Amino acid sequence: MKSLEEQIVELKKKRNAVILAHNYVRSDVQDVADFVGDSLELSIKAKNAGAPVIVFCGVSFMAETAKILSPASTVLHPVPSAGCPMADMAPDEAVRQYRREHPDAVIIAYVNSTAAVKAEVDICCTSANAEKVVRSIPADKHILFVPDQNLGANVSRMTGRKMELWPGFCPTHNRIMPEDAKKIREAHPNAIMLVHPECTPSVVDVADHALSTGGMLKFVRESDAKQFIIGTECGILHRMRKDNPDKEFISLQPIPLCPNMKKLSLESIVDSLENMQYEIQLDAALMDRARGPIERMLAI
Ligand code: 13P
Ligand code: SF4
């Protein structure tokens with residue numbers, strides 16, 4: 001009987017597929033992926049993959065972004081119910097209504113948004129480039145930042161730019177309390193603390209740096225420090241520990257976990273490749289409209 005990993009290797013060859021995975025998915029899924037990265041890195045990878053089949057191991061908006069950037073590829077999302085609750089906090093009709101009422105505003109959409117919302121906005125951003133994107137908007141423009149009020153507030157503080165913030169949030173990061181962050185800092189006074197900018201500004205205040213998942217991986221790789229407190233979804237610890245065996249990584253308590261990212265499993269990848277399921281299917285005109293704001297972000 002072949003292992004799930006062996007089956008995946010064979011099926012990948014048969015289907016001529018590549019597996020892209022986000023830094024938060026389970027360790028065994030990360031280990032079978034051809035590329036593991038943050039939202040920005042995965043968008044770039046999807047755009048340049050040139051593969052007939054992409055199996056996307058992450059949440060739905062990421063698989064949709066891959067399809068938008070690589071429309072000629074068949075993009076499979078093994079578990080369609082793996083969504084992002086924050087993306088669902090900004091319904092496209094509500095964003096359209098805002099646009100009607102504020103025709104001169106610039107709307108920035110965090111990539112953690114649906115394809116239908118991306119199609120309505122001026123430019124996208126990820127947590128890795130949000131600061132640059134905000135700085136690129138002319139000073140006289142009113143900005144609506146959708147849907148993450150925490151990322152918006154953190155970037156607003158970094159840039160000094162006032163923005164209107166949509167009242168969305170990531171349940172996994174919003175749940176992190178500054179008291180818990182302070183407690184773990186006090187217990188490890190020599191550790192460097194990194195948190196994700198989806199955390200509230202009061203948690204960011206406790207940390208040394210707020211970085212995207214890709215930014216955190218780069219930081220720990222390049223740092224001379226030996227001990228780090230990591231304030232983001234626990235899946236990232238796998239790669240940090242694997243890439244930096246001489247360094248110690250301490251998770252916040254309670255451990256931040258995204259239940260949707262954890263839905264992706266080896267079994268679901270086997271099923272996905274065997275049955276070519278579940279294909280991301282988006283309206284061509286919608287994809288064309290959503291591609292503009294993503295491409296504008298990638299050009300920055
Ligand atoms: P990154 O872009 O930093 O990988 O974050 C994606 C995400 O969903 C964070 O919750
Ligand atoms: Fe969405 Fe938060 Fe999960 Fe990221 S960690 S996919 S923002 S729910």
Side-chain angles (χ1 to χ4, degrees), residues 20-26 29-30 33 35-46 56-66 69 77 79-90 108-115 117-118 124-133 145-155 158 166-176 194-200 203-204 207 209-220 230-240 251-252 254-264 294 297-298 300:
L20 304 185
H22 188 264
N23 290 318
Y24 291 163
V25 297
R26 294 163 42 142
V29 172
Q30 292 189 33
F35 180 79
V36 184
D38 71 9
S39 305
L40 180 62
E41 293 162 339
L42 289 168
S43 301
I44 295 168
K45 220 44 190 189
F56 203 102
C57 297
V59 291
S60 329
F61 77 81
M62 297 178 176
E64 284 182 356
T65 305
L69 290 173
H77 188 211
V79 187
S81 70
C84 170
M86 169 157 66
D88 297 335
M89 288 177 196
I108 303 178
Y110 187 27
V111 281
N112 297 37
S113 52
T114 61
V117 163
K118 290 186 179 82
C124 287
C125 74
T126 74
S127 57
N129 61 18
E131 183 182 348
K132 272 193 196 161
V133 169
F145 191 90
V146 60
D148 187 2
Q149 60 184 358
N150 289 335
L151 177 62
N154 287 318
V155 174
M158 280 153 76
W166 195 270
F169 57 88
C170 161
T172 303
H173 288 91
N174 202 56
R175 207 173 282 134
I176 299 172
L194 308 178
V195 298
H196 198 276
E198 286 177 11
C199 294
T200 60
V203 169
V204 170
H209 304 282
L211 296 167
S212 69
T213 59
M216 286 187 193
L217 284 157
K218 181 170 185 288
F219 186 96
V220 302
I230 303 300
T232 192
E233 214 278 343
C234 56
I236 199 172
L237 295 168
H238 172 63
R239 206 169 139 203
M240 279 183 175
S251 178
L252 279 182
I255 295 175
L257 187 137
C258 174
N260 285 289
M261 286 285 187
K262 298 302 185 247
K263 288 181 183 172
L264 282 304
I294 305 172
M297 162 187 89
L298 294 176
I300 283 180

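Given the structure is predicted, the values throughout are model-derived calculations rather than measurements. Counting convention: from 1, in listed order, for ligands and their atoms alike. Computed over heavy atoms, backbone and side chain alike; hydrogens, waters and symmetry mates excluded.
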Specify the protein heavy atom at minimum distance from [atom]: its residue, its atom name, and the distance to 0.1 Å.
{"atom": "atom 3 (Fe) of ligand 2", "result": "Cys258 SG, 2.4 Å"}
{"atom": "atom 8 (S) of ligand 2", "result": "Pro85 CD, 3.5 Å"}
{"atom": "atom 10 (O) of ligand 1", "result": "Glu198 OE1, 2.8 Å"}
{"atom": "atom 5 (O) of ligand 1", "result": "His196 NE2, 3.3 Å"}

Original post:
For Thr213 and ligand 1, does the shortest N/O to N/O distance drop below 3.5 Å?
Top reply: yes
Original post:
Does Val59 come within less than 4.0 Å of ligand 2, judged by its heavy atoms?
Top reply: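 Yes; Val59 lies near enough to ligand 2 that a heavy-atom distance drops under 4.0 Å.
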Original post:
Should Glu198 be listed as contacting ligand 2, given a heavy-atom distance under 4.0 Å as the test?
Top reply: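 For ligand 2, residue contact (heavy atoms, under 4.0 Å) with Glu198 is present.
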Original post:
If you count the atoms of ligand 1 from 1 in the order shown, which ones are under 4.0 Å from a heavy atom of Tyr24?
Top reply: 7 (C), 9 (C), 10 (O)
Subject >> Distance filter under 4.0 Å to Ser39 heavy atoms, resulting ligand 1 atoms >> reply: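 Heavy-atom distances to Ser39 below 4.0 Å select 1 (P), 2 (O), 4 (O), 5 (O), 6 (C).
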Original post:
Quick one: does Ser127 get a heavy atom under 4.0 Å from ligand 1?
Top reply: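 Yes, that is the case, since the closest heavy atom of the residue is under 4.0 Å from the ligand.
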Subject >> contact_flag Glu233 ligand 1 heavy-atom lt 4.0 Å >> reply: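 Checking ligand 1 against Glu233, which is what was asked, there is no heavy-atom contact under 4.0 Å.
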**OP:** Ignoring hydrogens and angles, state whether a donor on the side chain of Tyr24 or Thr232 is under 3.5 Å from an acceptor on the partner side chain.
**Re:**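 Indeed, the side chains of Tyr24 and Thr232 share at least one donor-acceptor pair under 3.5 Å.
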Ligand 1-proximal atoms of [X], by part, heavy-atom distance under 4.0 Å:
{"X": "His173", "value": "side chain"}
{"X": "Asn112", "value": "side chain"}
{"X": "Thr126", "value": "neither"}

Original post:
In terms of atom number and element, which parts of ligand 2 are under 4.0 angstrom from non-hydrogen atoms of Met86?
Top reply: 7 (S)
Original post:
Ignoring hydrogens and geometry, is there a side-chain-to-backbone donor-acceptor pair from Asn154 to Pro197 under 3.5 Å?
Top reply: yes
Original post:
If we only count heavy atoms from C-beta on, is the His77 to Ser60 side-chain gap below 4.5 Å?
Top reply: yes
Original post:
When you measure from atom 1 (Fe) of ligand 2 to each heavy atom in Cys84, Gly168, Ser60, which option holds the nearest one?
Top reply: Cys84
**OP:** From the options Ile236, Leu42, Leu237, select the one residue that forms a side chain to side chain contact (heavy atoms under 4.5 Å, CB included) with Asn23.
**Re:** Ile236
**OP:** Specify whether an N/O/S atom of Cys170 falls short of 2.8 Å from atom 1 (Fe) of ligand 2.
**Re:** no
